[in-house]
Each structure stands twice: as C-alpha cells, then as structure tokens.
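All residue numbers refer to positions in the sequence shown, counting from 1. In each ligand, atom 1 is the first atom listed, and ligand 1 is the first ligand listed.
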Amino acid sequence: MKNLVIFGAPGSGKGTQSDLLVQKYGFDHISTGDVLRAEIKAGTELGNTAKQYIDNGQLIPDALMIDILAATYDALPKTQGVIFDGFPRTIPQADALKAMLAERGTAVHAMLELSVPDEMLMERLINRGKTSGRADDNEETIAKRLSVYHAQTAPLVEWYAQEGIHNPVQGYGSLEDINANLCVVIDAL
Ligand code: ATP
Ligand code: MG
C-alpha cells in the first residue's frame with residue numbers, strides 16, 4: 001500500500017498523470033475536483049455550495065472539504081494504495097490528512113510535485129477552457145486560481161519537505177517523460 005499526494009498548481013497535469021499511474025499500478029484515485037464537479041452535476045446541496053466557490057476561483061472551506069475527503073477515502077477498496085489529487089490544498093488540510101491516515105494505521109508515503117511555470121499553466125488552462133466546458137477555465141478565474149494557489153497551496157511544498165517526503169518532478173515535456181520520472185520516485189518507495 002502506497003499513499004501518494006500528487007501536487008501542483010491548477011493545470012499542472014495532476015489528473016492526466018494520475019490516470020497513467022492508476023493504469024500502471026492499480027491505485028485508487030481521489031480527485032477532489034472531480035468529486036465536487038460530480039456533486040454540481042447531480043445538483044446536490046453540497047454541489048450548489050461548491051459551485052459558488054469554484055466559479056469564483058476560491059477554495060471550498062477546509063472543514064467541509066475534510067469531511068468530503070474522509071467519506072470518499074473510506075468508501076474506496078484501497079488495495080494497491082491511493083492517489084490524492086487536489087487534496088491537500090491548504091496546511092489545515094495537510095494536517096487533517098495526516099491525522100486521518102494515522103487513525104487508520106497508515107500515512108502519506110510520498111508527495112509528488114509537478115512543477116510548471118505560471119505562463120505555461122495560464123496557456124494550458126485557457127486552451128483547456130475551449131473544450132472542457134468548465135466555468136472556472138476562463139482567463140479571469142484562472143488568474144484568481146493561480147494567485148490562490150501561490151498564497152494558500154504552495155506553502156505545502158515546505159510542509160512536505162519537512163515531513164521528508166517532497167519529490168519535485170518537472171511537469172512539462174512529453175507526458176511519457178513526466179510519467180517515467182514519477183515512476184522512478186514511486187518505484188523507489
Ligand atoms: P488540475 O488541472 O491540475 O487537475 P485544477 O485546479 O484545475 O487542477 P481541480 O483539482 O479539478 O482543479 O479543482 C477545481 C476546484 O475545486 C478548485 O479550484 C477549488 O475551488 C475546488 N477544490 C478542489 N479541491 C479542493 C480542496 N482540496 N480544497 C478546497 N477546494 C478544492
Ligand atoms: Mg484535476
């Protein structure tokens with residue numbers, strides 16, 4: 001069982017690389033963004049709340065997000081391990097994840113950071129917006145998401161470095177090369 005956090009700014013490729021890792025290793029995958037978008041699509045009360053934050057480029061409040069994460073995690077089969085994609089996004093979320101896994105007798109074994117320059121992220125997300133249908137993939141909201149990332153999420157790099165499990169990987173170039181570099185880290189665990 002290997003629990004991995006795949007980390008990076010909006011548009012850094014967390015979802016794409018997670019899919020490749022799921023295929024190769026058989027991990028379970030929790031994408032909090034996907035969970036929230038499914039709630040929005042289903043028109044649930046949680047979805048309606050989440051939509052107001054997401055469309056505005058903001059993060060969902062920690063207390064709510066932590067409950068959603070725990071419920072999603074507990075519903076998984078957890079055989080090979082779990083990839084956490086899009087969680088944690090704040091220091092309180094990282095503390096909560098650590099505590100939640102400790103209560104269940106496990107831990108995060110590696111944080112994999114996809115590093116990509118902001119100009120590239122901006123370009124990728126504007127392009128994605130042309131086909132994604134995501135209300136948050138427009139220039140104004142993307143700029144807000146990047147600034148929220150730098151203010152609230154990027155400090156987790158230092159947090160995980162202190163835990164001794166931060167692994168930076170270049171997040172641009174070919175998908176195969178990025179994937180191969182992630183696999184080197186995972187295979188060494
Ligand atoms: P990527 O393109 O790398 O997958 P992303 O930033 O486009 O990343 P998602 O992870 O899909 O997006 O998240 C979309 C939105 O959902 C976020 O901008 C935020 O509003 C909300 N969200 C997702 N995860 C969290 C979280 N852990 N805490 C708070 N809000 C979250
Ligand atoms: Mg995603």
Side-chain angles (χ1 to χ4, degrees), residues 4-22 29-42 44 46-73 82-101 108 111-118 120-157 159-160 168-172 175 178-179 182:
L4 309 172
V5 167
I6 189 146
F7 182 89
S12 58
K14 301 184 291 287
T16 307
Q17 290 298 329
S18 294
D19 291 345
L20 295 172
L21 297 176
V22 165
H29 175 213
I30 302 180
S31 160
T32 47
D34 289 349
V35 170
L36 296 170
R37 283 186 289 275
E39 295 285 336
I40 293 173
K41 202 168 166 209
T44 63
L46 168 60
N48 295 338
T49 306
K51 185 170 166 42
Q52 292 164 27
Y53 292 98
I54 293 177
D55 288 357
N56 203 20
Q58 305 298 129
L59 297 182
I60 277 68
D62 284 335
L64 180 57
M65 208 58 233
I66 289 164
D67 285 350
I68 296 170
L69 192 272
T72 309
Y73 178 83
V82 177
I83 302 181
F84 296 91
D85 160 6
F87 192 101
R89 262 180 156 91
T90 63
I91 288 177
Q93 290 183 15
D95 288 328
L97 179 60
K98 186 176 178 176
M100 182 194 89
L101 292 176
V108 172
M111 183 271 231
L112 306 162
E113 180 194 5
L114 294 170
S115 38
V116 180
D118 270 18
M120 256 187 229
L121 296 168
M122 193 48 135
E123 197 185 308
R124 285 185 188 182
L125 291 168
I126 288 171
N127 270 322
R128 185 171 84 182
K130 292 174 188 160
T131 54
S132 69
R134 277 177 55 169
D136 59 345
D137 282 345
N138 66 78
E139 200 159 347
E140 191 192 338
T141 312
I142 295 164
K144 270 199 217 158
R145 286 157 63 202
L146 289 176
S147 88
V148 166
Y149 171 77
H150 288 293
Q152 300 190 50
T153 306
L156 289 173
V157 168
W159 194 94
Y160 278 107
V169 170
Q170 178 177 298
Y172 52 93
L175 294 184
I178 299 167
N179 183 249
L182 293 171

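The protein heavy-atom contact nearest to atom 8 (O) of ligand 1 is Lys14 NZ, 3.1 Å. The protein heavy atom nearest to atom 22 (N) of ligand 1 is Leu36 CD1, 3.5 Å. Nearest protein heavy-atom neighbour of atom 15 (C) of ligand 1: Ile54 CG1, 3.9 Å.
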Worked check of salt bridge (charged side-chain N to carboxylate O under 4.0 Å, His left out) between Asp95 and Lys98: CA-CA 5 Å; Asp95 288 328; Lys98 186 176 178 176; over 6 Å; no

I'd like to know whether His150 forms a side-chain hydrogen bond (donor to acceptor under 3.5 Å, both in side chains) with Asp118, so could you lay out the CA-CA distance, the side-chain angles of the two residues, the decisive distance to 0.1 Å, and finally the verdict. CA-CA 10 Å; His150 288 293; Asp118 270 18; 3.0 Å; yes

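Each of the following atoms of ligand 1 lies closer than 4.0 Å to a heavy atom of Gly11: 1 (P), 2 (O), 3 (O), 8 (O). Contact atoms of ligand 1 toward Thr32: 23 (C), 24 (N), 25 (C), 27 (N) (distance under 4.0 Å to a heavy atom of the residue).
Note: Phe84 and Tyr73 have parallel aromatic rings, judged against thresholds of 30 and 60 degrees for the angle between ring planes.
Residue Thr32 forms a side-chain contact (heavy atoms from CB on, under 4.5 Å) with just one option from Leu69, Ile68, Thr72, Asp85, and that option is Leu69.
In terms of polar-atom proximity, Arg37 is counted as a contact of ligand 1, with an N or O under 3.5 Å from an N or O of the ligand. In terms of N/O distances under 3.5 Å, ligand 1 is not approached by Asp85. Residue Gln93 places at least one N or O, backbone or side chain, under 3.5 Å from an N or O of ligand 1. Where the criterion is an N or O separation shorter than 3.5 Å, residue side chain and backbone included, Phe87 fails it with respect to ligand 1.
Heavy-atom separations between Ser12 and ligand 1 include at least one value shorter than 4.0 Å. Within the 4.0 Å heavy-atom shell around ligand 1 one does not find Ala50.
Thr153 places no side-chain N or O within 3.5 Å of a backbone atom of Thr90 that could act as its donor or acceptor partner.
Put simply, the side chain of Glu139 reaches to within 4.5 Å of the side chain of Met122, judged on heavy atoms. Within the 4.5 Å cutoff, no side-chain heavy atoms of Asp137 are placed close to those of Asn127.
Contact annotation for Ile60 and ligand 1: heavy atoms of both the backbone and the side chain come within less than 4.0 Å of the ligand. Using a 4.0 Å cut-off between heavy atoms, Met65 contacts ligand 1 through its side chain alone, with no backbone atom that close.
With hydrogens and angles left out, the side-chain atoms of Asp136 and Thr141 include no donor and acceptor closer than 3.5 Å. Looking at Thr44 and Glu39, their side chains do bring a donor and an acceptor atom within 3.5 Å of each other.
Closest heavy-atom approach to atom 13 (O) of ligand 1 among the candidates Gln152, Gln58, Arg124, Arg89: Arg89. In the candidate list Lys144, Gln17, Arg145, Arg128, Arg128 is nearest to atom 2 (O) of ligand 1, counting heavy atoms.
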